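Read the numbers this way: they start at 1 and go in the same order the structure lists the ligands and their atoms. The model shown is predicted, which means the values in this text are computed figures rather than measured ones.
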Amino acid sequence: MNLLMHMCCGPCACFPVEKLREEGHQLTGYFFNPNIHPYKEFRHRLTTAEEFAQKVNLPIVVDNKYQLRDFLQKALTIEKNTDGLNLDNRRCRMCYAWRLHQTALYAKEHHFDAFTSTLFVSPYQNHEMMKDVAEKIAKVVDIPFYYEDFRPGYERGVDISLELELYRQPYCGCIFSEEERYSNSFKKKRRKKLKAMYAQKKEGLADE
Ligand code: SF4
């Protein structure tokens, strides 16, 4: 398949690129991430994505517009209309939808067979929500969404990114996640989520 692969950053692309190439797909990277703030971080992730692409000989399309105000406007409108209920989920849904919708539109316009995203490698993202969003967008834009759960290769991706000496970011991307990086309650929540994920993985291996 000729796939347009949304890239959230360089390190997250490491495993999906290896896996999809092994499967025989033809790949083009697409960097569109208006969620990343502040500007210095946005530039750092963008240049790391380009550095990765150059190191593995991956064609890449980059949208280098920095859309702080648009992102904040969308996020704060959600906050205003939800009284804080499920705020993280709603903000992340908007964030996934914006990036994947733009990817699907570009893929359609440039005659790719389907679109996908490196976001599906991350154990820190809401995987099921992203999948649901991507499937809905695929129907609206009328282009297939290529789904693969890359999470089993997350550690392999970390190893590749270290071998390639890529910058690895310490937070998801938006200014809210940057704030959460320093919050103890958030760290606790994250540890709990990872523990549950690894326990589930262990159970799966025991059943095999
Ligand atoms: S936490 Fe991550 S996915 Fe959620 S809104 Fe922020 S940047 Fe987007």
Side-chain angles (χ1 to χ4, degrees), residues 5-16 29-49 62-105 115-137 145 147 149-151 154 157-158 161 166-194 196-197:
M5 184 188 68
H6 167 259
M7 286 170 73
C8 55
C9 61
C12 282
C14 291
F15 179 70
Y30 184 64
F31 186 94
F32 174 75
N33 298 291
N35 55 316
I36 302 171
H37 311 121
Y39 183 68
K40 208 170 158 192
E41 180 68 20
F42 174 75
R43 290 298 311 174
H44 207 164
R45 293 195 200 184
L46 187 154
T47 51
T48 304
V62 163
D63 187 326
N64 61 8
K65 273 197 296 302
Y66 181 62
Q67 304 195 55
L68 170 69
R69 283 167 188 79
D70 291 344
F71 182 88
L72 287 182
Q73 202 165 27
K74 285 172 193 273
L76 294 175
T77 305
I78 291 169
E79 186 159 339
K80 203 170 143 200
N81 295 336
T82 56
D83 293 332
L85 285 177
N86 276 328
L87 184 57
D88 289 352
N89 278 351
R90 287 169 198 236
R91 189 172 58 227
C92 294
R93 194 174 182 94
M94 171 279 289
C95 178
Y96 299 143
W98 192 4
R99 292 186 280 167
L100 294 174
H101 186 237
Q102 183 58 38
T103 308
L105 288 175
F115 71 98
T116 189
S117 174
T118 58
L119 284 165
F120 290 94
V121 79
S122 173
Y124 302 115
Q125 301 296 338
N126 189 331
H127 195 95
E128 291 311 315
M129 185 197 283
M130 286 190 303
K131 186 167 178 268
D132 179 54
V133 167
E135 283 166 354
K136 289 194 168 99
I137 286 170
F145 159 56
Y147 173 68
D149 183 357
F150 299 117
R151 287 176 297 181
Y154 178 73
V158 172
S161 70
L166 299 178
Y167 161 66
R168 296 188 57 82
Q169 61 269 11
Y171 60 98
C172 188
C174 66
I175 207 78
F176 305 101
S177 60
E178 199 266 353
E179 178 192 26
E180 283 159 357
R181 172 186 172 198
Y182 296 105
S183 140
N184 284 333
S185 66
F186 179 74
K187 280 184 197 153
K188 258 191 217 158
K189 233 165 70 182
R190 183 160 153 164
R191 268 202 299 273
K192 210 169 140 189
K193 196 173 162 188
L194 279 178
M197 199 187 82

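- Note on D70 versus K74: no salt bridge recorded, every NZ/NE/NH1/NH2 to OD/OE distance being 4.0 Å or above.
- Summarising the contacts of atom 7 (S) of ligand 1 with P34, C174, S122, the nearest heavy atom is found in C174.
- At a cut-off of 2.8 Å, C172 is not counted among the residues with an N, O or S atom near atom 4 (Fe) of ligand 1.
- Which parts of ligand 1 touch Y96 is read off a 4.0 Å heavy-atom cut-off, strictly below it: atoms 3 (S).
- Every residue two or more places apart in sequence or in another chain was checked for a ring-ring contact (aromatic ring centres under 6.0 Å, His included) with F31, and none qualifies.
- With a 4.0 Å heavy-atom cut-off, ligand 1 is reached by no atom of F176.
- In this structure, H127 has its ring center closer than 6.0 angstrom to the ring center of F120.
- Contacts with ligand 1 closer than 4.0 Å are made by no heavy atom of M94, backbone or side chain.
- Note: I137 CD1 to R99 CZ = 11.0 Å, rounded to the nearest 0.5 Å.
- F15 pairs by the ring-ring contact (aromatic ring centres under 6.0 Å, His included) definition with nothing, not counting sequence neighbours.
- Look at Q125 and you'll find a heavy atom under 4.0 Å from some atom of ligand 1.
- For R91 and E180, the salt-bridge test passes: some basic side-chain N is under 4.0 Å from an acidic carboxylate O.
- If you look at C95 next to ligand 1, the close heavy atoms, those under 4.0 Å, all belong to the side chain.
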